[in-house]
Amino acid sequence: MTSIKDSGNISKEDGIVTVKGWVQDIRNLGGISFITLRDRHGTLQITMPKKKIDPDLFESLTRLSRESVIAVTGEVKESNQTALGVEVIPTAFELCSEAGVPLPMGVVDKVNVEMDTRLNNRFMDLRKPEVKAVFEIRSMVIGLISEAMAKNGFVNINTPKIVASGAEGGATLFSVDYFGKPAYLAQSPQLYKQMLMSTGLDRVFEIGPAFRAEHSNTNRHVTEFISFDGEMAWINKEEDVMAMIEEAIDYVLVNLKERGKKHLEVLGKEITVPKRPYPLLTYTECLKMAVDRGLPLKDGDDLGTEGEKIIGDIMAEKGNDLYFIIEYPEEAKPFYIMEKEGTGLSFSFDLDYKGQEISSGGQREHRYPELVKRMEKKGLDPNDFESYLNAFRYGMPPHGGWGIGVDRLVAKILDLPNVREAILFPRDIGRLSP
RNA sequence: GCCCCGGUAGUGUAGUGGCCUAUCAUGAAGCCCUGUCGAGGCUUCGACUCGGAUUCGAAUUCCGGCCGGGGCGCCA
């Protein structure tokens, strides 16, 4: 009997098998030749002793181009000279797809390949186990987020990505021609998830794309990213939101450490689950810490990237990879954030992970008159937000929420040097293809 | 948007006015080899981002375009 197996779970007891995959490498020693066959799960050696197999079979297998896709039928034999402890002696094979020569980039070559070349040939790049593993992990992270949210009674929602107005102002919106009317790609589900707080669906979350036409050129910005947004009603203060996000992230890390073992091993990474509760730093404290380390900042200055990194280093020394920064000045935060009356501060927070912001959130302004005041203070015209504001006119509970960059989260969990490494086909200011 | 830096075979690099008919590795093609797994040995193939300028002479200097990298601002 012939069975189809992936290369990761083959044993001698299988007898005759058919294995399918990519020809990663061929080593012809003259009287014997070897193929390393690769699939999603690993590699398997096909061994061809010249005198023991059909000469035509030996010849055609040995002459294949690297990365061709084949199906090989043969007998599984034990071998103390292969990593798996088994090898397959072929009796037949089918060439499913012949790979062109030369390859645009090697899968196992001993040369570095630049990220640009890799992204231009992402299909090939993803054949590398260590690249593929990132996306196995990413898939788990997203699954674990959903589990954590479901456990806490959150409803999984989808909000429109083609919208009539932005949440944060016009400069970073992508324009779309919507049957002759001006429209935009959504920067954030912010306004929609807040509107839902007035419906009784009092805990919602969404994992979906967000678009920002920012001319950013950094290792942590792309123009299309995946945002994990949450919003919850009936909160007393922004700490209720922070407790929820902490619980969700802890759930992700704890379970990923367990379930992601195989992929983490491929990447040579270990997950350190930070102690709970995550420390709270006020914005003012952070400024002071940065100044103490020699950064020339004044009161009211922005912490900046360098400041963020310094705080990250200080917290890392204490073993805190994740920490909240609270009490941001209200003018640094959007209109929908609630002010701490008379202080110039706001009920908002950022969550930083290893010196980089991965999330921001806070308590929202749910009181209609105050909300309109904040809009005006920010130079926005309330008339442009009529359908949003309507939801606040007829009974809106206190609420708050957050947004987390999923790509950044994955990049930080795995210590990837660039957020693009955590995105299959990243979109940035210069990249629209593939 | 601002400030730096770069572009040499399929991939990754060396080369800072003539020694370049351009280095090395990887790759590809061919040959030898019965236990390789970064196989080994021998032979061969393959490149100066584009357009101008300077010069007797440009991969090398200058200007512009295109493409890319790093950093900042902004944020997720």
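Convention: sequence-line order gives letters A, B, ...; per-chain numbering from 1. Side chains included, hydrogens not; waters and symmetry mates left out as well; all remaining heavy atoms used.
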Original post:
Which heavy atom in A:Lys193 sits nearest to a heavy atom in A:Trp402, and how many Å separate them?
Top reply: NZ-O, 2.8 Å

Subject >> Position toward the 5' end of RNA chain B (nearest nucleotide), A:Met105 or A:Gly31 >> reply: A:Met105

**OP:** Indicate whether OP1 or OP2 belonging to B:U11 is found under 4.0 Å from a side-chain N or O atom of A:Thr117.
**Re:** no

Original post:
Whole Å only: how far is the CD atom of A:Glu114 from the P atom of B:U26?
Top reply: 19 Å

Subject >> Close side-chain approach of A:Thr218 to A:Thr305, heavy-atom, < 4.5 Å >> reply: no

Original post:
Taking the six-membered ring for Trp, are A:Phe324 and A:Tyr278 parallel (under 30°), tilted (30 to 60°) or perpendicular (over 60°)?
Top reply: tilted

**OP:** Measure from CG on A:Leu119 to P on B:G69 and round the result to the nearest Å.
**Re:** 8 Å

Original post:
Between A:Gln187 and A:Thr172, does any side-chain donor sit less than 3.5 Å from a side-chain acceptor?
Top reply: yes

Original post:
CZ of A:Arg118 versus P of B:G68: gap in Å, rounded?
Top reply: 16 Å

**OP:** Identify whether any heavy atom of A:Asp116 sits under 4.0 Å from a base atom; if not, whether one sits that close to sugar-phosphate; answer base, sugar-phosphate or nothing.
**Re:** sugar-phosphate

**OP:** Look at the rings of A:Tyr328 and A:Tyr283 and say which category their plane angle falls in: under 30° parallel, 30 to 60° tilted, over 60° perpendicular.
**Re:** tilted

Enumerate all atom pairs, one protein N or O and one N or O from nucleotides 71-74 of chain B, separated by less than 3.5 Å.
| unit_1 | atom_1 | unit_2 | atom_2 | d |
| --- | --- | --- | --- | --- |
| B:G73 | OP1 | A:Thr305 | N | 3.3 |
| B:G73 | OP2 | A:Thr305 | OG1 | 2.4 |
| B:C74 | O2 | A:Ser216 | OG | 3.1 |
| B:C74 | O2 | A:His221 | NE2 | 3.4 |
| B:C74 | N3 | A:His221 | NE2 | 2.9 |
| B:C74 | N4 | A:Arg220 | NH2 | 3.0 |

**OP:** For A:Phe228 and B:A76, give me the distance from atom CZ to atom C1', rounded to whole Å.
**Re:** 13 Å

Original post:
Does B:A59 pair with anything, Watson-Crick or G-U wobble, both distances under 3.5 Å, and if so, with which nucleotide?
Top reply: none

Subject >> Watson-Crick or G-U counterpart of B:A28, or none if no pair lies under 3.5 Å >> reply: B:U44

Subject >> 5'-most by nearest nucleotide on RNA chain B - A:Ala332 or A:Gly430 >> reply: A:Gly430

**OP:** Classify every nucleotide of nucleotides 35-44 of chain B by which part a protein heavy atom approaches to under 4.0 Å, writing B for the base, S for the sugar-phosphate alone and - for neither, in 5'-to-3' order.
**Re:** BBBBB-----

Subject >> Atom of A:Lys378, atom of A:Pro334 and distance for their closest heavy-atom approach >> reply: CE-C, 4.3 Å

Original post:
Is A:Glu224 touching bases, backbone alone, or none of the nucleic acid, heavy atoms closer than 4.0 Å?
Top reply: nothing

**OP:** Enumerate the residues from residues 58-67 of chain A whose closest heavy atom to RNA chain B is under 4.0 Å, giving them by residue number; use none for an empty result.
**Re:** A:Arg63, A:Arg66

